[in-house]
*Asks:* 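For reference, the structure I am asking about is given below.
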Amino acid sequence: MKVAILGAMPEEIAPLLERIETKEIDYANNKFYLANYKNHELIIAYSKIGKVNSTMSATIMREKFGAEVLLFTGVAGALKTGLKIGDVLFATKVVQHDLDISAFGHPFGFVPGSPVFVETDKRLNKIAVDVANELGINLTSGIIASGDQFVCDESRKEWILRTFDAAAVEMEGASVGQVCFALGMPFFIMRAISDEAGEKAEFDFDEFMVNSAKTSANFVLKMVARL
């Protein structure tokens, strides 16, 4: 099986590249890394920040490299009370919180031709739960909202939570979900909570990145082994 593994930033895929021998391909102003692991062909890349970049990267992984499933790891800001830094959750659904054509009578997050909420793959989610149990990780789930902004404003945080019932917020997951929905590719999205998406979010982010990337890399490779 050809498995796409995506991270939003270089730091999020670096631990994977350290553990697996890869072939590097430059394409569309980005780098894609091909590897073999547990009888699967891997396509590894970082999407770059934002919805446009992540859309392009996911599409390339599917259309150029033939990915059959996509696993997307990274970090996110917590929205719901009870989530704290270090917690890990997977998306049951993804939604674009900054998409607004409500002037035409549509709900926030609506994209013509697809649902407001795009569901992730139930089989991949079940594999993730099994891996979490094996590793002793407390894995939760919920809706993840994406938009082209780093949310560090309390009023914006509360609006996203209230409007979409989202558990966490980041900048790429929902656009990748849109690609996977359109191209019929099962996908999985996991996020480690790096901050509380509030007034102090900008102070928490960088410190958390390296450690969460290592944990996520180990997790996703164990998922690949179960595919």
Side-chain angles (χ1 to χ4, degrees), residues 6 8-9 12 47 49-55 58 72-122 124-125 128-129 132 137-182 187-209 212 216:
L6 192 62
M9 291 177 284
E12 292 172 347
S47 67
I49 295 173
K51 294 194 300 179
V52 172
N53 284 321
S54 60
T55 297
F72 193 3
T73 65
V75 298
L79 293 177
K80 287 198 169 181
T81 302
L83 283 174
K84 60 184 183 301
I85 293 174
D87 286 348
V88 182
L89 77 156
F90 67 87
T92 53
K93 303 175 184 178
V94 290
V95 62
Q96 298 181 61
H97 69 75
D98 61 346
L99 186 57
D100 180 4
I101 53 172
S102 58
F104 299 97
H106 297 297
F108 292 108
F110 175 76
V111 180
S114 72
V116 173
F117 296 93
V118 177
E119 294 187 2
T120 56
D121 185 75
K122 290 181 173 59
L124 294 175
N125 292 344
V129 171
I137 293 175
N138 181 25
L139 182 67
T140 61
S141 62
I143 296 169
I144 291 180
S146 307
D148 281 323
Q149 55 190 226
F150 183 70
V151 177
C152 53
D153 176 79
E154 289 293 341
S155 62
R156 183 64 183 174
K157 170 183 172 180
E158 292 177 8
W159 182 87
I160 297 170
L161 171 62
R162 182 175 66 253
T163 304
F164 302 105
D165 193 33
V169 62
E170 37 86 298
M171 299 180 67
E172 296 85 18
S175 49
V176 169
Q178 184 81 15
V179 168
C180 294
F181 174 82
F187 71 105
F188 167 81
I189 295 180
M190 184 175 75
R191 295 290 184 260
I193 298 300
S194 61
D195 58 77
E196 297 179 1
E199 294 178 354
K200 296 183 179 180
E202 61 270 27
F203 300 109
D204 303 320
F205 186 77
D206 290 338
E207 180 180 350
F208 188 78
M209 175 63 69
S212 67
S216 295

*Asks:* Would you please name every residue forming a salt bridge (charged side-chain N to carboxylate O under 4.0 Å, His left out) with Glu158, sequence neighbours left out?
*Replies:* none
*Asks:* To the nearest 0.5 Å, what is the distance between CD1 on Ile144 and CE on Met190?
*Replies:*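 CE of Met190 is found 10.0 Å from CD1 of Ile144.
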*Asks:* Kindly compute the distance separating CE (Met9) from CD1 (Ile49), expressed to the nearest 0.5 Å.
*Replies:* 5.0 Å
*Asks:* Any donor-acceptor pair under 3.5 Å linking the side chain of Ser47 with the backbone of Ser54?
*Replies:*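 Between the backbone of Ser54 and the side chain of Ser47 there is no qualifying donor-acceptor contact (under 3.5 Å).
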*Asks:* Using only atom types and a distance under 3.5 Å, with no angle test, would you say the side chain of Asp98 pairs donor to acceptor with the backbone of Asp148?
*Replies:*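 Checking the backbone N and O of Asp148 against the side chain of Asp98, a donor-acceptor pair under 3.5 Å is found.
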*Asks:* Report the residues that fulfil salt bridge (charged side-chain N to carboxylate O under 4.0 Å, His left out) with Asp100, sequence neighbours left out, ordered by chain and then residue number.
*Replies:*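 So Asp100 forms no salt bridge (charged side-chain N to carboxylate O under 4.0 Å, His left out) with any residue.
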*Asks:* Kindly say whether Gly173 contributes a backbone atom to a donor-acceptor pair with the side chain of Ser146 at under 3.5 angstrom?
*Replies:* yes
*Asks:* Calculate, to the nearest 0.5 Å, the distance between atoms CG and NZ belonging to Asp165 and Lys93 respectively.
*Replies:*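 Asp165 CG to Lys93 NZ: 9.0 Å, rounded to 0.5 Å.
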*Asks:* Got a sec, which pairs hit ring pair (Phe, Tyr, Trp, His ring centres under 6.0 Å) with one end in residues 83-107, sequence neighbours left out?
*Replies:* His106-Phe110
*Asks:* Keeping Thr120 on the side-chain end and Thr92 on the backbone end, is there a donor-acceptor pair under 3.5 Å?
*Replies:*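 Judged by distance alone, yes, a pair lies under 3.5 Å.
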*Asks:* So, does Gln96 use its side chain to make a donor-acceptor pair with the main chain of Gly109 at under 3.5 Å?
*Replies:*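 Absent.
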*Asks:* How long is the gap from CD on Glu170 to CG on Leu79, to the nearest 0.5 Å?
*Replies:*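 Glu170 CD to Leu79 CG: 10.0 Å, rounded to 0.5 Å.
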*Asks:* Apply side chain to side chain contact (heavy atoms under 4.5 Å, CB included) to the pair Val94 and Phe187, showing each step before the final yes or no.
*Replies:* CA-CA 11 Å; Val94 290; Phe187 71 105; 4.3 Å; yes
*Asks:* Under 3.5 Å, is there a donor-acceptor pair between the Ser216 and Glu12 side chains?
*Replies:*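 Absent: no donor and acceptor within the cut-off.
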